[in-house]
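Heads up: the structure comes next, in structure tokens.
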Number of protein chains: 2
Amino acid sequence: MSVSPPPITRFERLQRLAKRFPQLDSSGLETCITLLRLSNDLSDAYDASLARHGLSKGRFTVLVRLYSTSETEGGRGLIPAELAESSCVSRATMTGLLDTLEKDGLISREDHPEDRRMYTVHLTPKARQLLEGMLPEHYRRVAALMSPLSEQERDTLRELLAKVSTGLPAFREP
Amino acid sequence: MSVSPPPITRFERLQRLAKRFPQLDSSGLETCITLLRLSNDLSDAYDASLARHGLSKGRFTVLVRLYSTSETEGGRGLIPAELAESSCVSRATMTGLLDTLEKDGLISREDHPEDRRMYTVHLTPKARQLLEGMLPEHYRRVAALMSPLSEQERDTLRELLAKVSTGLPAFREP
DNA sequence: AGTCGATGATTTGGTGGCTAACCATCCGGA
DNA sequence: TCCGGATGGTTAGCCACCAAATCATCGACT
């Protein structure tokens with residue numbers, strides 16, 4: 001039996017790759033991987049938390065958007081295209097989200113008064129009750145998540161993330 | 001006809017919500033939302049870039065992991081469980097990834113010499129050729145993505161992301 | 001008035017990921 | 001020796017999301 005060799009870390013493999021591919025910017029790639037991994041973990045944790053209330057990220061986002069709009073704008077309702085945009089999903093996906101939300105009695109569709117192509121979406125009392133029951137807990141969780149960062153660090157983080165955003169077009173091009 | 005009222009921003013809606021829910025930490029939530037959105041955008045861009053070569057994030061990660069291991073450890077091969085772990089997917093998902101990679105002629109499964117429960121996974125020459133053709137371009141893109149950040153900013157970003165990671169257990173708890 | 005491009009919503013078909021349950025094999029202790 | 005828990009991989013069934021094609025309606029232009 002031979003002893004197992006010392007484990008090779010991700011960082012070491014990356015350094016080897018960088019030797020072979022001069023285009024590889026190791027600090028950039030390392031940062032990118034870190035970001036993608038945290039994203040994944042955070043996204044999973046978010047989903048798991050919402051799943052306890054029978055919601056997904058998409059469903060939750062729609063409900064909160066409707067809730068915060070009705071709070072501030074007197075329940076005029078929103079159309080699916082607006083909801084899709086503000087929830088960062090396609091319209092096709094929004095149709096599906098609204099279908100299941102309606103089936104679960106959390107939203108209602110009402111005829112748009114001026115344009116028969118669309119309709120307006122409204123929260124039901126049941127949805128309001130659900131949100132008011134779960135949001136305090138949810139916001140407490142988010143606060144706990146971010147508690148390791150000072151106010152200044154949060155500002156810095158948002159600023160750095162915004163800088164990465166500015167690099168996205170270059171990433172996508174040709 | 002009435003003129004349309006001034007649009008209400010996400011930030012303003014958030015401030016209204018914060019009045020109603022004292023648990024809401026607005027800078028924390030704002031930072032969290034920023035992070036989730038960039039994650040989503042980056043993830044989509046990443047997928048789109050890999051899709052040009054017929055790969056998904058999962059498939060790509062597996063191939064690169066195999067490639068970098070064979071480069072440094074003489075092609076000893078990896079077992080599915082190791083690949084699942086280092087790719088952050090479940091073992092069930094890894095089975096599916098390997099199935100399609102094998103069907104596309106990019107990996108081969110070979111009997112594990114010592115344990116008949118498992119097998120080892122190996123890159124085919126076709127996969128090597130694919131990677132060597134696409135990696136320079138891919139790494140160039142990642143470098144472009146990160147080019148708006150100085151070395152110091154990258155360090156800071158990784159550090160702040162690591163801090164957010166430390167908050168994840170608190171986010172998940174009960 | 002009639003037509004046609006723009007704009008909405010939906011349907012269809014596909015992908016990638018997950019969990020839970022399953023079977024096979026290994027290995028250590030009775 | 002053999003049994004049972006640990007550790008593999010796979011299967012079956014689910015969910016969220018997407019792109020592309022389709023259908024309805026609107027509105028502007030002739």
Side-chain angles (χ1 to χ4, degrees), chain A residues 1 36-37 39-63 77-104 107 109-121, chain B residues 1 36-37 39-63 77-85 87-104 107-121:
Chain A
M1 285 296 162
L36 284 171
R37 291 209 171 200
S39 303
N40 210 42
D41 291 349
L42 177 54
S43 198
D44 287 352
Y46 220 86
D47 285 338
S49 169
L50 295 174
R52 304 180 200 190
H53 303 97
L55 297 177
S56 65
K57 258 201 305 289
R59 286 157 62 86
F60 177 73
T61 305
V62 169
L63 294 183
L78 292 170
I79 64 172
E82 286 173 310
L83 287 169
E85 165 119 18
S86 72
S87 305
C88 299
V89 298
S90 68
R91 287 183 200 180
T93 298
M94 187 50 60
T95 297
L97 289 175
L98 294 174
D99 283 348
T100 71
L101 286 170
E102 186 175 38
K103 196 177 49 181
D104 292 350
I107 61 120
R109 290 163 147 126
E110 291 171 24
D111 290 344
H112 190 287
E114 292 156 19
D115 193 328
R116 278 193 297 170
R117 284 173 302 183
M118 357 177 176
Y119 51 85
T120 59
V121 182
Chain B
M1 285 297 161
L36 284 170
R37 290 209 172 201
S39 303
N40 211 42
D41 291 348
L42 177 54
S43 197
D44 287 352
Y46 219 86
D47 286 338
S49 170
L50 295 174
R52 303 180 201 190
H53 303 98
L55 297 178
S56 64
K57 259 199 304 289
R59 285 156 63 85
F60 177 73
T61 304
V62 169
L63 294 183
L78 292 171
I79 63 170
E82 286 174 311
L83 288 168
E85 166 120 17
S87 304
C88 299
V89 299
S90 66
R91 281 182 302 192
T93 298
M94 186 51 59
T95 297
L97 289 175
L98 294 175
D99 283 347
T100 72
L101 286 170
E102 186 175 39
K103 198 176 50 182
D104 293 350
I107 59 123
S108 64
R109 290 163 147 125
E110 291 170 22
D111 289 344
H112 191 287
E114 292 156 18
D115 192 328
R116 278 193 299 171
R117 283 173 302 182
M118 357 178 175
Y119 52 84
T120 59
V121 183

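Not measured: the values here are computed from a predicted model. A note on names: the letters A, B, ... follow the listed sequences, proteins ahead of strands, and every chain is numbered from 1.
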Would you say [N] has OP1 or OP2 under 4.0 Å from some side-chain N or O of [X]?
X: S90(A); N: dC17(D); answer: no
X: R109(B); N: dT10(D); answer: yes
X: T95(B); N: dT10(D); answer: yes

So what does R116(A) hit on the nucleic acid, given a heavy-atom distance under 4.0 Å: a base, only sugar-phosphate, or nothing?
->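 Sugar-phosphate contact only.
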Could you check whether A92(A) gets within reach of a base, just the sugar-phosphate, or nothing at all, counting any heavy atom under 4.0 Å?
->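 It contacts base atoms.
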Within residues 39-56 of chain B: residues closer than 4.0 Å to DNA chain D (heavy atoms) |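 DNA chain D contact set from residues 39-56 of chain B: none.
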Expressed as a whole number of angstroms, how long is the span from [X]:[atom1] to [N]:[atom2]?
X: H112(A); N: dC26(D); atom1: NE2; atom2: C1'; value: 12 Å
X: L83(B); N: dT10(D); atom1: CG; atom2: P; value: 12 Å
X: D99(B); N: dA12(D); atom1: CG; atom2: P; value: 12 Å
X: D115(B); N: dT7(D); atom1: CG; atom2: C1'; value: 9 Å
X: L98(B); N: dG8(D); atom1: CG; atom2: P; value: 15 Å
X: M94(A); N: dA19(D); atom1: CE; atom2: P; value: 14 Å
X: E114(B); N: dG8(D); atom1: CD; atom2: P; value: 14 Å
X: K103(A); N: dC15(D); atom1: NZ; atom2: P; value: 9 Å

Tell me whether [X] contacts the main-chain N or O of [Y] through its side chain, where contact means a donor paired with an acceptor under 3.5 Å.
X: D111(B); Y: P113(B); result: no
X: S87(B); Y: L83(B); result: yes
X: H112(B); Y: E114(B); result: yes

No-hydrogen, no-angle side-chain donor-acceptor test under 3.5 Å, S39(B) and S39(A) |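 Note: S39(B) and S39(A) side chains meet the donor-acceptor criterion.
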Quick one: do the R109(B) and T120(B) side chains pair a donor with an acceptor below 3.5 Å?
->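 The answer is no; no qualifying pair exists.
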Chain B footprint on DNA chain C, 5' to 3' - any atom under 4.0 Å from a heavy atom |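 In short, chain B contacts DNA chain C from dG16(C) to dC26(C).
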Least distance between heavy atoms, [X] atom then [Y] atom:
X: L78(B); Y: E82(B); result: CD2-OE1, 3.3 Å
X: S56(A); Y: L97(A); result: OG-CD2, 4.5 Å
X: T61(A); Y: S86(A); result: CG2-O, 4.5 Å

Can you establish whether the number of heavy atoms outside E102(B) located under 6.0 Å from its atom CD is more than 12?
->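 Result for CD/E102(B): enclosed.
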Are more than 12 heavy atoms from other residues, nucleotides or ligands located less than 6.0 Å from atom CD of E110(B)?
->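 Result for CD/E110(B): enclosed.
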5' priority, DNA chain D, between C88(A) and R117(A) [closest heavy atom] |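 On the 5' side of the pair lies C88(A).
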Considering heavy-atom distances to DNA chain C, does P80(A) or K57(B) have its closest nucleotide positioned more toward the 5' end?
->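 Final value for this comparison: P80(A).
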